[in-house]
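Residues take their numbers from the sequence shown, with the count starting at 1. Model, not experiment: these values are computed from the prediction.
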Amino acid sequence: MKIFNLFPLTVLQSKIYLEDEERKILINEINKMKHQDDKEKTSSYAWTGDTNGHEFLFSNNLFKNLSNKISSVIIEYLKTLEINTEYLDIYYQRSWATYTENEQSINFHTHSQSNISFAYYLLKPNNSGGIIFKSNELQNEIAKNIFTNSKLEKSLINKANPYNSDRSIFDLEQDSIIIFPSKTPHATAPNLSGSPRISISGDVSIMLKDSKGFEHLMPNFKNWTKI
């Protein structure tokens, strides 16, 4: 017997190491951003810089070294998909920090305005929660909602596995980076460590250097006309 798994979702995981002194500098800078937010309140949801006026983190020179390292991993991700990067201009559209305190999390969402998204774990205590990916199109769903948690609880489904689950969690270590298509629904598990978890996320847009002969990929903004 052979099993064929078709039409995968490709998620890249890698490591980016920083010196302790650089890590301290970046954490201190993120702490200052967080405390500048006058609307900061105790919440069950993590503080995210992109919704609090700090959505261009990589424009800060302190993050230049990290952004350069992340750029290399993004190129590797595109090469994994056999996309010829020589045809493309690639931009960090947004970049921001996420600060998750004890018992906080982030609900499922997508980044529909971009092509590729990533999360890098700058500070990641043990048991501080991972990133969860969810599929809205279950290719193996032979009957509607057959793979829901209620069916698992009622023992119609013996156990969750990669063939019948609509979600998967990556509980990564500090210095890990994960890259995925922006349209993928994702969330974070609650931080149960008692200490803050700090990640740096970003959205990447790709566009053609020369759109001649291409219809669907975004033409270069340098040729756009402003209204």
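- When each of S117, S205, S112 is checked for a side-chain contact (heavy atoms from CB on, under 4.5 Å) with S182, only S117 meets the rule.
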Inset, instruction - Go through the steps for D203 and Q113 under the test side chain to side chain donor-acceptor pair (under 3.5 Å), then give the verdict. - result: CA-CA 8 Å; D203 292 329; Q113 82 290 343; 2.7 Å; yes
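- Counting heavy atoms from C-beta outward, I27 and L123 have side chains that approach closer than 4.5 Å.
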Inset, instruction - Quick one: do F63 and E29 satisfy side-chain contact (heavy atoms from CB on, under 4.5 Å)? Show the steps, please. - result: CA-CA 10 Å; F63 293 84; E29 191 72 7; 3.9 Å; yes
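- For an aromatic pair to be called close, the ring centres must be under 6.0 Å apart, and F180 with H186 satisfies this.
- For the pair R94 and L57, the minimum side-chain heavy-atom distance is 4.5 Å or more.
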Inset, instruction - Show your reasoning for whether side chain to side chain donor-acceptor pair (under 3.5 Å) applies to R197 and T100. - result: CA-CA 5 Å; R197 180 185 74 226; T100 307; 3.2 Å; yes
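- Salt bridge K15/E173: present, at least one basic N to carboxylate O contact under 4.0 Å.
- With hydrogens and angles disregarded, no donor-acceptor distance shorter than 3.5 Å links the side chain of S165 to the backbone of N161.
- Take D171 and apply the salt bridge (Lys or Arg N to Asp or Glu O under 4.0 Å) test, not counting sequence neighbours, and it matches K124.
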Inset, instruction - Take S44 and Q104, measure what side chain to side chain donor-acceptor pair (under 3.5 Å) needs, and give me the verdict at the end. - result: CA-CA 5 Å; S44 60; Q104 291 183 332; over 6 Å; no
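- Between Y77 and F118, a ring centre-to-centre spacing not shorter than 6.0 Å is recorded.
- Exactly one of N140, T148, L138 qualifies for a side-chain contact (heavy atoms from CB on, under 4.5 Å) with D166. That residue is L138.
- Between Q139 and E141 the shortest side-chain heavy-atom distance does not fall below 4.5 Å.
- Counting only distance, with no hydrogens or angles, the side chain of S211 and the backbone of L208 share no donor-acceptor pair below 3.5 Å.
- For the side-chain contact (heavy atoms from CB on, under 4.5 Å) test with I16, the passing option among D175, L66, N65 is L66; the others fail.
- W96 is not listed as a side-chain neighbour of M33, based on a closest heavy-atom distance of 4.5 Å or more.
- A search for side chain to side chain donor-acceptor pair (under 3.5 Å) contacts involving Y92 returns S71, not counting sequence neighbours.
- Heavy atoms from other residues, nucleotides or ligands lying under 6.0 Å from NZ of K151 number more than 12.
- Residues M207 and I74 do not share a hydrophobic cluster, clusters being chains of Ile/Leu/Val/Met/Phe/Trp/Tyr side chains in contact below 4.5 Å.
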